[in-house]
Amino acid sequence: MKRRSLLAASAAVATLPFGARAQTPWPSQPIRMVVPYAAGGPTDVPARILTDSMSRNLPQRVVIENRTGAGVVIGTEVVASAPKDGNTLLYTTVSHSVVKALFPTAPFDPVTSFAPVALVGTIPMVLMVNKNLPVQNLQELIKLYRDNPGKYDYGSAGNGSALHLAAELFLDQAGELKVNHVPYRGSAAAMPDLLSGTLTMMTDVASNVIPFASRGEVRALAVAGNTRLPQLPDVPTFAEAGLPSYEAYTWHMVLAPVGTPEAAVNAANAAINAALKEDMVKTRLGELAVKVVPDSTPASTAAFLQAEVAKWVGIVQKAGIRVN
């Protein structure tokens with residue numbers, strides 16, 4: 001395979017003024033990509049697809065390091081306190097945007113402690129209900145909840161999880177509906193109760209919903225985003241279902257410690273974008289319902305992160321979300 005990614009990364013550095021360049025070419029050693037989630041999970045797998053491509057096309061390998069604990073705090077702090085040389089990066093998700101709101105004593109700030117590198121992509125949330133719930137569409141679900149405040153339960157992957165935030169955003173925008181939240185240790189743990197009817201509703205990332213909805217085991221009512229999912233063509237968007245302001249997705253993003261040389265940040269951005277343009281990478285991430293963003297810049301990534309922090313911290317505060 002031609003080393004196009006390396007050439008693109010090198011070109012990004014070459015265009016900078018001499019004084020702005022790093023003292024040594026990037027990367028000067030194997031790159032540590034810290035993933036604050038468990039190996040084999042829905043964040044780790046896309047991270048490995050990306051880093052495998054980067055490793056093939058850069059002079060140094062990109063090595064995944066899974067560092068879990070305290071939500072995403074432990075792994076994120078590893079990167080925040082790492083040397084500012086561009087050789088330690090963070091692969092994170094929407095949970096990063098609320099980490100300070102949920103963990104006030106965390107020794108870093110999700111915005112000011114990091115240099116945004118690239119936005120990898122977004123994965124839309126899908127709202128699903130138990131297949132025997134007497135509703136056929138989103139408006140019927142809203143009416144059911146409005147007419148029966150506090151009667152029904154919904155599940156999530158845990159307090160403050162992306163699934164919890166997405167459900168609370170829906171309930172708020174649909175008219176401040178009152179539905180009881182039941183947290184679980186991950187969406188896989190909640191799914192049996194949704195299938196049995198103990199839970200009435202759950203939001204989850206599209207990649208997790210598609211298998212159950214395709215088999216008719218749950219009823220998917222709406223998908224976030226501008227377009228329907230090709231895997232679930234009969235499921236309308238939230239806009240089509242009558243809630244046009246609703247936008248909820250998890251996202252995958254790469255960050256570096258604040259103070260990392262601009263040249264290294266730009267080179268890493270170019271290498272990531274080059275990988276995301278590869279047909280094989282796009283196909284594999286597409287199978288996981290990731291909508292790839294192959295042209296982000298550090299500046300556009302920073303703006304995206306700041307907007308997400310403002311949005312989700314507001315939901316955390318309004319819903320009074322706390323972690324145990």
Is Glu278 salt-bridged to Arg284, cutoff N-O under 4.0 Å?
->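 No, no charged N to carboxylate O under 4.0 Å.
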
Between [Y] and [X], is there a side-chain heavy-atom distance shorter than 4.5 Å?
| X | Y | result |
| --- | --- | --- |
| Arg48 | Tyr91 | no |
| His181 | Ser156 | yes |
| Pro257 | Ser81 | no |
| Met125 | Val205 | yes |
| Leu177 | Arg146 | yes |

What's the separation between atom [atom1] in [X] and atom [atom2] in [Y], rounded to the nearest 0.5 Å?
| X | Y | atom1 | atom2 | value |
| --- | --- | --- | --- | --- |
| Leu89 | Leu255 | CG | CG | 9.0 Å |
| Leu285 | His252 | CG | NE2 | 9.0 Å |
| Ser95 | Leu165 | OG | CG | 7.0 Å |
| Leu127 | Leu243 | CG | CG | 10.0 Å |
| Asp172 | Ile315 | CG | CD1 | 5.0 Å |
| Met201 | Tyr145 | CE | OH | 5.0 Å |

Quick one: do [X] and [Y] end up in the same hydrophobic cluster if we chain Ile, Leu, Val, Met, Phe, Trp and Tyr together by side-chain heavy atoms under 4.5 Å apart?
| X | Y | value |
| --- | --- | --- |
| Trp312 | Tyr37 | yes |
| Met128 | Leu144 | no |
| Val316 | Val99 | yes |
| Phe212 | Val129 | no |
| Val258 | Val254 | no |

Between Phe108 and His96, what is the ring plane arrangement, given parallel below 30°, perpendicular above 60°, and tilted in between?
->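 Judged by the thresholds at 30° and 60°, the geometry between Phe108 and His96 is parallel.
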
Using the ring of each side chain (for Trp, its six-membered ring), is Tyr246 parallel, tilted or perpendicular to Phe238, with breaks at 30° and 60°?
->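 Plane angle between 30° and 60°, so tilted.
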
Quick check against the 3.5 Å criterion: does [X] have a side-chain atom that pairs as donor or acceptor with the backbone of [Y]?
| X | Y | result |
| --- | --- | --- |
| Arg219 | Leu133 | yes |
| Asn269 | Ser296 | yes |
| Glu247 | Ala224 | no |
| Lys84 | Pro261 | no |
| Thr203 | Leu163 | yes |
| Asp204 | Val126 | no |
| Asp153 | Leu199 | no |
| Asn87 | Ile31 | no |
| Thr237 | Val223 | no |
| Thr283 | Asp279 | yes |

Only one of Val293, Val120, Thr301, Thr122 passes side chain to side chain contact (heavy atoms under 4.5 Å, CB included) with Met253; say which it is.
->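 Running side chain to side chain contact (heavy atoms under 4.5 Å, CB included) over Val293, Val120, Thr301, Thr122 with Met253 returns exactly one hit, Thr301.
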
Sole residue of Ser53, Ser55, Pro30 in side chain to side chain contact (heavy atoms under 4.5 Å, CB included) with Val62 =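 Single side chain to side chain contact (heavy atoms under 4.5 Å, CB included) partner of Val62 among Ser53, Ser55, Pro30: Ser55.
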
Atom [atom1] of [X] with >12 non-hydrogen neighbours under 6.0 angstrom:
| X | atom1 | result |
| --- | --- | --- |
| Asp147 | CG | yes |
| Lys143 | NZ | no |
| Arg185 | CZ | no |

Compare every heavy atom of [Y] with every heavy atom of [X], then report the nearest pair and how far apart it is.
| X | Y | value |
| --- | --- | --- |
| His164 | Asn159 | ND1-CA, 3.5 Å |
| Thr68 | Ala38 | CG2-N, 3.4 Å |
| Ala167 | Tyr154 | CB-CE1, 3.3 Å |
| Gly86 | Ala264 | CA-CB, 4.2 Å |
| Pro110 | Leu305 | O-CD2, 3.6 Å |
| Ser187 | Met202 | O-CE, 4.1 Å |

Give the C-alpha distance, both sets of side-chain angles, the deciding distance and a yes or no for side chain to side chain contact (heavy atoms under 4.5 Å, CB included) between Val313 and Ser97.
-> CA-CA 7 Å; Val313 167; Ser97 63; over 6 Å; no

List, one per line, each side-chain donor-acceptor pair under 3.5 Å for residues 69-76, sequence neighbours excluded.
| residue | atom | partner | partner atom | Å |
| --- | --- | --- | --- | --- |
| Thr76 | OG1 | Val72 | O | 2.6 |

Leu288 and Ile123: side chain to side chain contact (heavy atoms under 4.5 Å, CB included), yes or no, with the steps?
-> CA-CA 8 Å; Leu288 299 173; Ile123 307 175; 5.8 Å; no

Please report the C-alpha distance between Thr198 and Val182 in whole Å, then the side-chain angles of each, then the deciding distance to 0.1 Å, and finally whether the side chain to side chain contact (heavy atoms under 4.5 Å, CB included) criterion is met.
-> CA-CA 10 Å; Thr198 301; Val182 182; over 6 Å; no

Geometric cation-pi criterion, Lys100 with Phe114: 6.0 Å, 45° =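 Judged by the rule, Lys100 and Phe114 form no cation-pi pair.
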
Yes or no on side chain to side chain contact (heavy atoms under 4.5 Å, CB included) for Leu141 and Phe170, after CA distance, side-chain angles and deciding distance?
-> CA-CA 11 Å; Leu141 177 67; Phe170 161 67; 4.2 Å; yes

